[in-house]
Each structure stands twice: as structure tokens, then as C-alpha cells.
Amino acid sequence: MGFYDTWLYREVLNAGWFVRILVWTVLGTNILMPAIIWYLFSGKLPFKRLRERWGNKGDRRQTG
């Protein structure tokens, strides 16, 4: 029980702000991991085709 009585556990590890940061970091990592893995294995940006399509639509709106 000694660890649970320490300042580090009570004020940092068990604090609400620390838990929220930890949860958001894990959630964000899990959401972004497929794109990161895609980039590492293929060497291409995963959404390049989508960006090109969006860019073309934006160009058409500006010129039309």
C-alpha cells in the first residue's frame, strides 16, 4: 500500500487531468495508427487521392 500513499500517485497519476490526457492520447493514437502504418509500409500518403479530388473540386469552384 506504500505506493498509493505517495505524492506521485495521489497528485499526478490519480489526478483527473492526467487520466484525461492519457485517455485522449491513447484514443488519438488508435485513430491515427492505420494511416501511420500505411505510410510506413507503402511510403505514400494514405489520402493523397482524396486530397487531389478535393483540390480539383476547389479549383473548379474558384474558376467556375
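Not a single ring-ring contact (aromatic ring centres under 6.0 Å, His included) links Phe41 to another residue, sequence neighbours left out.
Hydrophobic cluster membership differs between Trp38 and Ile31, with clusters built from Ile, Leu, Val, Met, Phe, Trp and Tyr side chains linked at under 4.5 angstrom.
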Distance-only check: which donor-acceptor pairs under 3.5 Å involve side-chain atoms of residues 16-27, not counting sequence neighbours?
residue	atom	partner	partner atom	Å
Thr25	OG1	Ile21	O	2.7

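Residue Leu32 holds its CG atom at 11.5 Å from CD1 of Ile37, rounded to the nearest 0.5 Å.
The two residues Gly2 and Thr6 have their closest heavy-atom pair at O-CG2, 3.3 Å.
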